[in-house]
Peer 1: 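Supplied in structure tokens, the structure appears directly below.
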Amino acid sequence: MGEFDFITRYFQRTTTPTDPTHVQLGIGDDCALLAPSPGMSLAISTDMLLESRHFLPTIAPQRLGHKSLAVNLSDLAAMGAKPLAFTLSLALPRIDPAWCEDFAKGLFALADEHQCTLIGGDTTAGPLCISITVFGEIPHHLALRRSGAQAGDDIYVSHPIQSGIGDARLALETLRSQAHQSADAFEQTLQRMEQPTPRVALGMALRNIATSAIDLSDGLLGDLGHILKASRMGASIEVDSVPRSHALHNQPVAIQRLCTLSGGDDYELIFTAPIARRAQVLTAAHHCQLAVTPIGRIEMQPGVRLYDARGNHVSNSYHSFDHFKN
Ligand code: ADP
Ligand code: MG
């Protein structure tokens with residue numbers, strides 16, 4: 001199968017259940033044509049996924065298709081933007097029909113859920129690498145930037161009602177034999193690592209409420225650090241208030257803290273909002289069938305101070321993921 005047959009077969013869909021009103025021209029020409037709604041700015045983000053660096057070779061292709069788009073949609077969510085379309089650039093060692101079918105299945109299931117249309121891409125032979133660019137829209141004055149946090153704001157993280165953050169890292173630590181859990185618990189944490197849910201609806205619901213937001217991809221303290229730097233603020237965090245799944249709660253405290261504070265790959269939102277908007281924050285989360293938990297406060301004093309539930313100082317030796325340091 002040649003390159004063009006490959007694109008037609010797996011990625012050029014003749015019938016698409018998504019709303020194509022923004023897509024004036026899709027796959028097949030030299031460019032796609034995309035029209036955001038009047039008055040909206042385009043929100044654009046790219047994420048690349050490399051085998052063994054961003055995902056393990058053992059990941060099922062359907063989950064990989066999902067994850068590749070999910071991490072990109074998560075960036076739109078963190079900005080409060082509504083997804084419109086995406087491009088897909090693929091380097092594949094060979095065309096394996098079963099693999100491609102499953103990859104496309106996972107990819108399009110999530111795309112359809114968000115009415116996000118595949119409008120183009122590029123394909124080449126090479127070591128497995130997936131690069132997606134997403135296009136969303138948002139009124140520019142409502143975009144949730146990193147720079148808007150104010151002293152006194154609450155700091156929240158989103159999470160599933162019965163769970164928390166840090167599970168993706170727990171799965172990784174379990175694979176590395178640094179943590180131990182039951183087969184059932186492991187499968188649940190593995191699923192959170194391999195099939196994250198981008199919090200698109202929550203991001204949009206927070207447009208008029210949050211002062212800043214970022215998605216959790218490299219670890220809580222590192223990602224919060226980006227908000228603090230952009231906002232020129234500091235923060236206090238109560239480490240024991242960071243929500244944890246049952247599986248993570250069963251781990252030794254050191255593992256719990258490692259996973260929640262410097263784990264990555266959660267793709268939850270961390271955001272700030274004035275205390276006066278607490279009720280609005282909770283209502284927004286409730287409408288999205290999600291929980292949001294306050295974990296600390298923005299302060300004028302630079303740096304991050306960690307406390308446990310008793311108010312004792314916890315030393316901050318946690319660092320987040322950095323491709324050129326780790
Ligand atoms: P060009 O040579 O002009 O870059 P290509 O031959 O790479 O065009 O691609 C032909 C068409 O197929 C273009 O519309 C391109 O956007 C689309 N395309 C290529 N690869 C992919 C892919 N992996 N997924 C979706 N569309 C793709
Ligand atoms: Mg090309």
Side-chain angles (χ1 to χ4, degrees), residues 1-37 40-77 81-137 194-198 200 217 267:
M1 188 188 314
E3 183 187 329
F4 299 105
D5 292 337
F6 165 79
I7 297 162
T8 313
R9 169 132 180 219
Y10 297 107
F11 297 110
Q12 192 166 17
R13 300 197 296 174
T14 44
T15 53
T16 160
T18 57
D19 174 4
T21 49
H22 298 94
V23 179
Q24 299 174 321
L25 187 63
I27 294 174
D29 216 309
D30 295 309
C31 291
L33 299 175
L34 186 64
S37 310
M40 295 286 201
S41 293
L42 276 180
I44 304 165
S45 183
T46 298
D47 260 311
M48 186 156 70
L49 283 87
L50 219 58
E51 187 169 60
S52 298
R53 195 148 252 287
H54 301 92
F55 59 89
L56 300 170
T58 50
I59 189 172
Q62 196 169 337
R63 287 188 176 188
L64 183 60
H66 172 104
K67 182 164 180 171
S68 303
L69 182 58
V71 302
N72 278 277
L73 291 175
S74 181
D75 284 316
L76 290 183
K82 174 181 185 283
L84 300 177
F86 67 106
T87 59
L88 167 69
S89 296
L90 268 179
L92 291 173
R94 76 199 79 80
I95 294 176
D96 169 346
W99 190 96
C100 293
E101 245 160 62
D102 285 350
F103 178 86
K105 207 172 177 183
L107 180 85
F108 285 123
L110 185 64
D112 292 348
E113 212 179 289
H114 292 278
Q115 304 202 319
C116 192
T117 313
L118 178 60
I119 56 170
D122 201 16
T123 308
T124 173
L128 183 57
C129 178
I130 303 135
S131 177
I132 287 182
T133 299
V134 278
F135 301 84
E137 66 176 19
E194 294 184 339
Q195 286 194 290
T197 308
V200 172
S217 55
Y267 299 101

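These numbers come from a predicted model, not from an experiment. Whatever order the structure lists them in is the order used to number ligands and atoms, beginning at 1.
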Peer 1: Looking just at side-chain N and O atoms, do Asp122 and Ser89 make a donor-acceptor pair shorter than 3.5 Å?
Peer 2: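 Side-chain D/A pair, Asp122 to Ser89: absent.
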Peer 1: Once you measure the plane-to-plane angle for Trp99 and Phe103, does it fall in the parallel (<30°), tilted (30-60°) or perpendicular (>60°) bin?
Peer 2: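 Geometry flag for Phe103 against Trp99: parallel rings.
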Peer 1: Are Thr87 and Ile132 side-chain neighbours, meaning at least one heavy-atom pair lies under 4.5 Å?
Peer 2: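 Of all side-chain heavy-atom pairs linking Ile132 with Thr87, none is under 4.5 Å.
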Peer 1: Please work out which of Leu88, Leu92, Leu25, Ile130 has its closest non-hydrogen atom nearest to atom 22 (C) of ligand 1.
Peer 2: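 Shortest heavy-atom distance from atom 22 (C) of ligand 1: Leu88.
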Peer 1: Once you restrict to heavy atoms under 4.0 Å, what part of Thr123 touches ligand 1? Side chain, backbone, both or neither.
Peer 2: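 For Thr123, backbone and side-chain atoms both sit under 4.0 Å from ligand 1.
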Peer 1: Would you say Phe4 touches ligand 1, if touching means a heavy atom closer than 4.0 Å?
Peer 2: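 Distance cut 4.0 Å: Phe4 passes for ligand 1.
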Peer 1: Please work out, at 4.0 Å between heavy atoms, whether the side chain, the backbone, both, or neither of Leu118 comes within that distance of ligand 1.
Peer 2: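 Side chain only; the backbone of Leu118 stays clear of ligand 1.
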Peer 1: For Ser37 and Glu137, test the side chains for any donor-to-acceptor distance below 3.5 angstrom and give the result as yes or no.
Peer 2: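 Present: a donor and an acceptor within the cut-off.
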Peer 1: Atoms of ligand 1 less than 4.0 Å from Asp30 heavy atoms?
Peer 2: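 The atoms of ligand 1 under 4.0 Å from a heavy atom of Asp30 are 3 (O).
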Peer 1: Any idea which heavy atoms bring Cys31 and Leu25 closest together, and the distance?
Peer 2: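 Closest approach of Cys31 to Leu25, heavy atoms only: O-CD2, 3.8 Å.
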Peer 1: State whether the shortest distance between N or O atoms of Ile27 and N or O atoms of ligand 1 falls below 3.5 angstrom.
Peer 2: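 Min N/O separation from ligand 1 is not below 3.5 Å for Ile27.
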Peer 1: Please list, in number order, the atoms of ligand 1 under 4.0 Å from a heavy atom of Asp29.
Peer 2: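 So the atoms of ligand 1 that pass are 13 (C), 14 (O).
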